[in-house]
Student: 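First, the structure itself, so that you have it in front of you.
The first residue of the sequence shown is numbered 1, and numbering continues consecutively from there.
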Amino acid sequence: MPTNLKDTVTLHNGVEMPWLGLGVFKVQEGEEVIQSVKAAIQNGYISIDTAAIYGNEEGVGQAIKESGVPREDLFITTKLWNSEQGYESTLKAFDESMEKLGLDYLDLYLIHWPGKDKYKETWKAFEKLYKDGRVRAIGVSNFLVHHLDDLIATAEIKPMVNQVEFHPHLTQEDLRAYCKKEGIQLEAWSPLKQGQLLDNPVLKEIAEKHNKSVAQVILRWDLQHGVVTIPKSIKEHRIIENSNVFDFELSAEDMERIDQLNQDSRAGSHPDTMKVGFED
Ligand SMILES: NC(=O)c1ccc[n+]([C@@H]2O[C@H](COP(=O)([O-])OP(=O)(O)OC[C@H]3O[C@@H](n4cnc5c(N)ncnc54)[C@H](OP(=O)(O)O)[C@@H]3O)[C@@H](O)[C@H]2O)c1
């Protein structure tokens with residue numbers, strides 16, 4: 001088990017990825033994102049998860065520079081937006097993201113959503129970026145088992161990471177087992193279901209027993225399931241709270257009770273019906 005914010009999991013290509021990072025979805029470009037990312041880094045976070053569509057890559061880049069932490073000590077993820085899928089358009093979008101971030105290499109680049117018919121062509125561009133040394137690891141996001149099966153059938157390089165919605169209401173057992181079998185690291189987005197789980201009575205009871213918050217219990221549950229997690233907060237006290245998950249352990253019974261909260265319910269879109277950005 002990881003014991004601090006700098007602990008990492010080894011991806012199948014040998015790259016070390018931190019177990020817990022800061023997400024910046026819906027964090028405003030400018031002061032808000034700069035302050036959040038700086039607060040996280042000052043409090044020991046080394047992993048930041050953004051995306052082209054979040055519109056805050058410049059602020060993330062500025063915060064990285066102003067943090068004073070050496071670039072190579074950080075792990076930065078961004079994602080290719082849906083409208084940019086395709087070979088040439090991916091290469092161009094990558095350059096644009098890098099320009100905004102002000103970085104000369106990226107740690108992890110993800111295909112944000114599968115869509116229907118372009119992800120294989122897009123993946124070829126990802127493989128090129130990887131082979132050219134522009135990005136240390138490449139992966140996907142919101143890929144279901146059938147997308148992964150289809151991609152892996154022809155891919156030269158297997159995705160290192162699959163970032164999906166994952167929380168006690170969406171425990172993704174089949175996908176989790178599949179990714180484990182294939183050596184693809186699962187990463188949780190909306191681990192707190194965007195705040196919708198904080199009043200859950202079972203989680204509250206377990207939290208009280210451990211003298212922890214519900215958010216901390218959920219994030220600990222992610223880690224004990226071997227899932228990388230990236231909670232979002234713009235508030236420094238919560239950024240700190242979300243990182244204090246290394247000093248307690250959920251019992252097998254706690255884990256089981258949390259697993260049983262599953263409802264297969266999502267806060268975000270279903271990967272098979274997500275159309276935003278794919279419409280012409
Ligand atoms: N790949 C994808 O398609 C995808 C989709 C969605 C998200 N993501 C990534 O995953 C990250 C996390 O997901 P998310 O932002 O959707 O939701 P989340 O992390 O599940 O929840 C964030 C919400 O919870 C609140 N919160 C955070 N910590 C808290 C705490 N300790 N106590 C009480 N409330 C707390 C935040 O409010 P405050 O900010 O006010 O504290 C915010 O409203 C994103 O930021 C993004 O990087 C990826």
Student: For the side chain of E187 and the backbone of I230, is there at least one donor-acceptor N/O pair under 3.5 Å apart?
Tutor: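 Judged by distance alone, no pair lies under 3.5 Å.
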Student: H225 side chain to V227 main-chain N or O, any donor-acceptor pair under 3.5 Å?
Tutor: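 Between the backbone of V227 and the side chain of H225 there is no qualifying donor-acceptor contact (under 3.5 Å).
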Student: Quick one: list whatever passes salt bridge (charged side-chain N to carboxylate O under 4.0 Å, His left out) with D132, sequence neighbours left out.
Tutor: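 Here the qualifying residues are K128.
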Student: What pairs with K235 under salt bridge (charged side-chain N to carboxylate O under 4.0 Å, His left out), at least two apart in sequence or on another chain?
Tutor: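 Salt bridge (charged side-chain N to carboxylate O under 4.0 Å, His left out) list for K235, sorted by chain: empty.
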Student: Taking all atoms of both residues into account, what is the closest heavy-atom pair of I239 and S233, and its distance?
Tutor: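 Where I239 meets S233 most closely, the heavy atoms are CD1-O, 3.4 Å.
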Student: Would you say S89 and E84 are linked by a side-chain donor-acceptor pair, where the criterion is simply a distance under 3.5 Å?
Tutor: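 Checked: E84/S89 side chains show no N/O donor-acceptor pair below 3.5 Å.
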Student: Under a 3.5 Å distance rule, please check whether E165 uses its side chain to pair with a backbone N or O of A267 as donor and acceptor.
Tutor: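 Looks like yes, one N/O pair under 3.5 Å.
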Student: Output all residues satisfying salt bridge (charged side-chain N to carboxylate O under 4.0 Å, His left out) with K131, sequence neighbours left out; order by chain, then residue number.
Tutor: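 So K131 forms a salt bridge (charged side-chain N to carboxylate O under 4.0 Å, His left out) with E156.
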Student: Do you know the tightest heavy-atom contact between D222 and A188?
Tutor: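 Shortest heavy-atom contact: OD2-CB, 4.1 Å.
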Student: With a 3.5 Å distance limit and no angle check, can you tell me whether D49 reaches the backbone of T229 through a side-chain donor-acceptor pair?
Tutor: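 Not at all, since once roles are kept as given, no pair shorter than 3.5 Å links the two residues.
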Student: Between NZ of K158 and CG of L151, what distance do you get to the nearest 0.5 Å?
Tutor: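 Separation between the atoms: 11.0 Å.
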Student: Do Y87 and M98 belong together in a cluster built from hydrophobic side chains that touch within less than 4.5 Å?
Tutor: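 Y87 clusters together with M98.
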Student: In chain order, what residues pass the side chain to side chain donor-acceptor pair (under 3.5 Å) check against N162, with sequence neighbours excluded?
Tutor: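 Counting only residues at least two positions away or on another chain, N162 forms no side chain to side chain donor-acceptor pair (under 3.5 Å).
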Student: So, T171 side chain and P168 main chain: donor-acceptor pair closer than 3.5 Å or not?
Tutor: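 Checked: no pair found.
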Student: State, to 0.1 Å, how close L11 and A137 come at their nearest heavy-atom pair, and which atoms those are.
Tutor: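 So the two residues come closest at CD1-CB, 3.9 Å.
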Student: Let me confirm one number: the OG1-CD1 distance from T78 to I48, rounded to the nearest 0.5 Å.
Tutor: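 That separation rounds to 12.0 Å.
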Student: May I ask you to check whether over 12 heavy atoms, not counting those of E121, lie within 6.0 Å of atom CD?
Tutor: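 Yes - once you tally the heavy atoms of other residues, nucleotides and ligands closer than 6.0 Å, there are more than 12.
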Student: What residues, two or more places apart in sequence or in another chain, satisfy side chain to side chain contact (heavy atoms under 4.5 Å, CB included) together with P201?
Tutor: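 Per chain and number, P201 pairs via side chain to side chain contact (heavy atoms under 4.5 Å, CB included) with no residue.
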Student: Under the rule for salt bridge (charged side-chain N to carboxylate O under 4.0 Å, His left out), what residues qualify as partners of D259, not counting sequence neighbours?
Tutor: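 Salt bridge (charged side-chain N to carboxylate O under 4.0 Å, His left out) check on D259 returns nothing, list empty.
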Student: Between the side chains of T50 and E57, is a donor N or O closer than 3.5 angstrom to an acceptor N or O?
Tutor: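 No donor-acceptor contact under 3.5 Å links the two side chains.
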Student: Keeping R220 on the side-chain end and V245 on the backbone end, is there a donor-acceptor pair under 3.5 Å?
Tutor: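 Yes.
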Student: Same cluster for L170 and I184 if Ile/Leu/Val/Met/Phe/Trp/Tyr side chains link at under 4.5 Å?
Tutor: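 No, because L170 and I184 fall into different hydrophobic clusters, even though each may have its own neighbours under 4.5 Å.
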Student: Going by the rule side chain to side chain contact (heavy atoms under 4.5 Å, CB included), which residues pair with S83 if we only count those two or more places apart in sequence or in a different chain?
Tutor: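 Scan of S83 (side chain to side chain contact (heavy atoms under 4.5 Å, CB included), adjacent residues dropped) gives W81.
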Student: Heavy atoms only: give me the nearest T122-G86 pair and the separation to one decimal.
Tutor: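 Between these two residues, the closest heavy atoms are OG1-N, 2.9 Å.
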Student: Please find the pair of heavy atoms, one from P271 and one from N142, that lie closest to each other, and give the distance.
Tutor: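 In this case the closest contact between P271 and N142 is CB-O, 3.1 Å.
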Student: Table please: side-chain donor-acceptor pairs of residues 24-34 below 3.5 Å, with sequence neighbours left out.
Tutor:
{"unit_1": "E29", "atom_1": "OE1", "unit_2": "G59", "atom_2": "N", "d": "2.9"}
{"unit_1": "E29", "atom_1": "OE2", "unit_2": "E58", "atom_2": "N", "d": "3.4"}
{"unit_1": "E29", "atom_1": "OE2", "unit_2": "G59", "atom_2": "N", "d": "3.4"}
{"unit_1": "E31", "atom_1": "OE2", "unit_2": "Q35", "atom_2": "NE2", "d": "2.7"}
{"unit_1": "E32", "atom_1": "OE1", "unit_2": "Q28", "atom_2": "N", "d": "2.8"}

Student: Does NZ belonging to K120 count more than 12 external heavy atoms closer than 6.0 Å?
Tutor: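 Enclosed: over 12 neighbouring heavy atoms sit under 6.0 Å from NZ of K120.
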Student: Going from NZ on K275 to CH2 on W113, what distance comes out if it is rounded to the nearest 0.5 angstrom?
Tutor: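 Reported to 0.5 Å precision, the distance equals 12.0 Å.
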Student: Between K193 and S265, do the side chains contain an N or O donor and an N or O acceptor separated by less than 3.5 Å?
Tutor: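 Judged by distance alone, the side chains do pair up.
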Student: For K212, does the NZ atom sit with more than 12 other heavy atoms under 6.0 Å from it, leaving out its own atoms?
Tutor: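 Yes, enclosed.
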Student: Considering residues, nucleotides and ligands other than E173, do more than 12 of their heavy atoms fall under 6.0 Å from its CD?
Tutor: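 At most 12 heavy atoms, drawn from other residues, nucleotides or ligands, come within 6.0 Å of this atom.
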Student: Going by side chain to side chain donor-acceptor pair (under 3.5 Å), name the residues that satisfy it together with Q216, two or more places apart in sequence or in a different chain.
Tutor: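 If we apply the side chain to side chain donor-acceptor pair (under 3.5 Å) test to Q216, skipping adjacent residues, the hits are S213.
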Student: Charged N to carboxylate O under 4.0 angstrom, R134 versus D95?
Tutor: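 Looking at R134 and D95, the cut-off is met.
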Student: Sequence neighbours excluded, which residues qualify as side chain to side chain contact (heavy atoms under 4.5 Å, CB included) partners of L74?
Tutor: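 Side chain to side chain contact (heavy atoms under 4.5 Å, CB included) list for L74, sorted by chain: I41, I46, I64, V69, R71, I76.
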Student: Is it the case that more than 12 heavy atoms not belonging to K92 sit under 6.0 Å from its NZ atom?
Tutor: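 No, the 6.0 Å shell around NZ holds no more than 12 heavy atoms from other groups.
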Student: Provide the full list of ring pair (Phe, Tyr, Trp, His ring centres under 6.0 Å) pairs with a residue in residues 234-253, sequence neighbours left out, each pair given once.
Tutor: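 Sorted pair list: H210-F248.
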Student: So which pairs with a foot in residues 146-174 pass ring pair (Phe, Tyr, Trp, His ring centres under 6.0 Å), sequence neighbours left out?
Tutor: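 Passing the test, one end in residues 146-174: Y119-H147, F143-H147, F166-W221.
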Student: Give the minimum heavy-atom separation between L106 and L101, together with the two atoms involved.
Tutor: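 Nearest pair, atom of L106 first, then L101: CD1-CD1, 4.0 Å.
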Student: Could you tell me the separation between the CD1 atom of I258 and the CD1 atom of I218, rounded to the nearest 0.5 Å?
Tutor: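 Between atom CD1 of I258 and atom CD1 of I218 there are 8.0 Å.
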Student: So for atom CG, which belongs to D73, do other residues, nucleotides or ligands contribute more than 12 heavy atoms lying within a distance under 6.0 Å?
Tutor: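 Enclosed: over 12 neighbouring heavy atoms sit under 6.0 Å from CG of D73.
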